[in-house]
Amino acid sequence: LFLKKIKTFSRLLVMLDYIQSGSKYADISFHSLFYPRKKFCKNTFSGLEYVIIGKKFLESKKSYSFKKNINSKIIFQGGADTKCFSPKILKSLKSLPSNIKLTLIVGNKFQCWTELNKTLKLIQKKINILYDVKNISNEMKNHDLAISAGGNTLLELLAIGIPSLIICGEQHEMQIAKILSSKKLALNLGYGKILSQKLILEKTKNFV
């Protein structure tokens, strides 16, 4: 109803990565993260060529250098981590060599503090926790490897050139994760809920 009302006031309605039924009111629809299974409007375009990347990430690419030896790993599970997968990932990585520094970045909608604090006490490993980072591109380029959910952050990591493992935070992220993995742009481990800690550790060690 809201989109239908907007349409009455708009000469050109453009939608980005929106795949709900309201897409039928769009004049043009672009999809980079969530590919539509059908054309919701007459002019529907989908593909990685439609990804929108901020200038800061492209600038960070210029100063980022790929390293064969992994000394620092950064972990993202979206700003909210609605399924609370971050603690599970940290538990999985507790036996990584101590020379590999781990940094977890969470956003201002993160609600999994209780489980995260329990995990930090349990694993007794120094983890750098960063909250609501403003210049996130500048932080990304300081790390050698990333574990990310399958959203915009993953595409920003790849734009900089950071080798990345994907642990999907939501089921709908599996589509873009499979596409990126098939193109050998990142390694898709799958949906976080069904992944065992053992598998996460093994895949991470092999990737390193």
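Residues passing the ring pair (Phe, Tyr, Trp, His ring centres under 6.0 Å) test with Tyr191, sequence neighbours excluded: Phe85. For Ser63, the side chain to side chain donor-acceptor pair (under 3.5 Å) partners at least two apart in sequence or on another chain are Lys141. In this structure, the side chain to side chain donor-acceptor pair (under 3.5 Å) partners of Thr82, at least two apart in sequence or on a different chain, are Glu170. For Glu115, the salt bridge (Lys or Arg N to Asp or Glu O under 4.0 Å) criterion is met by Lys91, not counting sequence neighbours. For Phe207, the ring pair (Phe, Tyr, Trp, His ring centres under 6.0 Å) test picks out no residue, with sequence neighbours left out.
Looking at every heavy atom in both residues, Leu155 comes nearest to Ile53 through O-CD1, 3.8 Å.
Although no hydrogens or angles enter the test, the distance criterion places a donor-acceptor pair under 3.5 Å between the side chain of Lys125 and the main chain of Leu96. Counting only distance, with no hydrogens or angles, the side chain of Asp27 and the backbone of Leu13 share a donor-acceptor pair below 3.5 Å. Gln77 places no side-chain N or O within donor-acceptor distance of the main-chain N or O of Cys168, the cut-off being under 3.5 Å. A donor-acceptor contact shorter than 3.5 Å is absent between the side chain of Lys203 and the backbone of Leu189. Under a 3.5 Å cut-off, the side chain of Asp17 and the backbone N or O of His31 do not form any donor-acceptor pair.
In the displayed structure, Lys118 atom NZ is contacted under 6.0 Å by at most 12 heavy atoms of other residues, nucleotides or ligands. Other residues, nucleotides and ligands contribute more than 12 heavy atoms inside 6.0 Å of the NZ atom of Lys73. Crowding of Lys56 atom NZ: a count of heavy atoms from other residues, nucleotides or ligands under 6.0 Å not exceeding 12. Summarising the local packing, CD of Glu202 is surrounded by more than 12 heavy atoms from other residues, nucleotides or ligands at distances under 6.0 Å. The environment of CG in Asn69 is sparse: at most 12 heavy-atom neighbours from other residues, nucleotides or ligands sit within 6.0 Å. Atom NZ of Lys178 has 12 or fewer heavy atoms from other residues, nucleotides or ligands within 6.0 Å. Within a 6.0 Å radius of NZ in Lys61, other residues, nucleotides and ligands contribute 12 heavy atoms or fewer.
With respect to Asp132 and Lys134, a salt bridge is recorded, a charged nitrogen being found less than 4.0 Å from a carboxylate O.
One distance of note links OG of Ser164 with CG of Leu187; it measures 10.0 Å at 0.5 Å rounding. One finds the CG atom of Leu158 at 12.0 Å from the CZ atom of Phe57 (value rounded to the nearest 0.5 Å). The structure places CG of Asn152 at 11.0 Å from CG of Leu157, a figure rounded to the nearest 0.5 Å. Separation of atoms OG (Ser21) and CG (Leu3) is listed at 8.5 Å; rounding is to 0.5 Å. Interatomic distance, Cys41 SG to Asn43 CG, rounded to the nearest 0.5 Å: 6.0 Å. If you take OG on Ser148 and CD1 on Ile105, they are separated by 10.5 Å, rounding to the nearest 0.5 Å.
No side-chain heavy atom of Lys55 sits less than 4.5 Å from a side-chain heavy atom of Leu58. The closest side-chain heavy-atom distance from Ile147 to Ile89 is below 4.5 Å.
Counting only N and O atoms by type, the side chains of Asn135 and Ser137 include a donor and acceptor under 3.5 Å apart.
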- Apply side-chain contact (heavy atoms from CB on, under 4.5 Å) to Ile200 and Gln197, showing your working. CA-CA 5 Å; Ile200 293 173; Gln197 293 181 30; 5.6 Å; no
- Item | Residues Val106, Asp81; criterion side-chain contact (heavy atoms from CB on, under 4.5 Å); working and verdict | CA-CA 8 Å; Val106 299; Asp81 189 7; 6.0 Å; no
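Between Phe34 and His172, the ring-plane angle classifies as perpendicular under the 30° and 60° cut-offs.
A ring pair (Phe, Tyr, Trp, His ring centres under 6.0 Å) check over residues 132-157, counting only residues at least two apart or in different chains, returns nothing.
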